[in-house]
Amino acid sequence: MSIPIVGFIPEIRSAVAEARARGDAVSLVPTMGALHDGHASLIRRARADGGFVVVWVFVNPTQFGPNEDYGRYPRTLADDAAISETAGADLVFAPPPEEVYPHGFRTMIHVRDLGNHLCGPTRPGHFDGVCTVVAKMFNMVAPDRAYFGRKDAQQLRIVQQLVRDLDLPVDVVPCDTVREADGLAMSSRNRYLDATQRANAPALYRALCEVRDRAAAGERDADALGKRLAERLAAVPGAMVDYAEVVDAETFAPVARLDGPAVAALAVKFGATRLIDNIDLAVSDA
Ligand code: AMP
C-alpha cells in the first residue's frame, strides 16, 4: 500500500498546498472510518471529478452522546487506507483526537431548527458535533468540494445550511445511498448485527419502498404514510423504532400532507445497534 496517511494539520496543509501548486482542485471525503462500499462510492465519485482527493478518517467524539458507541466504534485504519487507495484517493488524513480538539477547546457550532426532528431529539448535541467537526476540517483541508451521502439526509441538509450560512467556500456534493444486494443501506454499524438481526434488517428498506410506492401511486396523507411506515417497522422481529416519519425535505419538520419534496426517514434499533435510512418521496403532481 502506498497511499500516504497523515495525522497533523501542518502535514495536510502542505500536501494540499503542493496539490494546488500543481493546479489540482482539492476534494474531501469526510468519514469516521470503518469504510465500506458506500464510502468507497463517495471516493470514486471524487476521483471521477478530478483533482487531489483526501479521505478524512476521524471518529468524532463531539457527535456521540455519553451513552452511545464512541468507545466501541470500529477503528480499522489500515483497511480504510487500502479501500481509500483502491477507490482512487490520494491521501488519508486521520488525526488523533488531540489534534482536532486540543486542551481548552471551547467552540461549538449550532445550526438552528434543522436538528429539531428525527435524529436531533434522540441524539442531543449530535448535529452540533457534526457541524463543528465539518467546519474544522474544512478549515484544515480547505477543499473545493466535499462529498456527503444521502444516507445521512438530515446531516447533509444541515451541512448544506452550515456552508451557506458561514459562507464556506466549498461545494457540497450529495451522493446516493449504496445498498447491499438485499436493500440494507451499507453502514459501518451493520457489522454489529448478529445473524438474525442482519436477516431482519432489509425489512427497513422494504418498508421505505412501500411508502415511496404509495406516495407515487397518489397517497398524499403524509401522516398516514408515516403511520404505515411505523407499523411496518414495528412488525420487524427485534426492531425497536426510534422514529418513523415523513418530513419536509427542506426543513426536516414533519408534514401532514405531501405537497412538496418530502423524505420518509427512520431510525431503528436492533439491540444496541441503531440504523438509519431514508427515501425521497415523489410528489410530481402535487
Ligand atoms: P460515516 O463514516 O458513517 O460518518 O459516513 C461518512 C460519509 O459516508 C457520510 O457522508 C455518509 O452519508 C456517507 N455514507 C455512509 N454510508 C453510506 C452509504 N451506504 N451510501 C452512501 N454514502 C454513505
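Ligands are counted one by one from 1 in listed order, and the atoms in each one are counted from 1 as well.
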Checking Tyr205 now: which residues fulfil side chain to side chain donor-acceptor pair (under 3.5 Å) with it, not counting sequence neighbours? none
Answer yes or no on whether Arg274 is positioned over the face of Tyr73, meaning its NZ or CZ is under 6.0 Å from the six-membered ring centre and within 45° of the axis.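 No, Arg274 does not lie over the aromatic ring of Tyr73.
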Is it true that a side-chain atom of Asn278 and a backbone atom of Arg150 form a donor plus acceptor pair closer than 3.5 Å?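 Answer holds: yes.
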[X]/[Y] ion pair, N-O < 4.0 Å:
X: Asp182; Y: Arg206; value: no
X: Asp24; Y: Arg22; value: yes
X: Asp144; Y: Arg20; value: yes

Proximal protein residues to ligand 1, non-hydrogen atoms under 4.0 angstrom: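 Shell around ligand 1 (4.0 Å, heavy atoms): Pro30, Thr31, Met32, His36, Gly38, His39, Leu42, Phe148, Gly149, Lys151, Asp152, Gln155, Asp176, Thr177, Val178, Met186.
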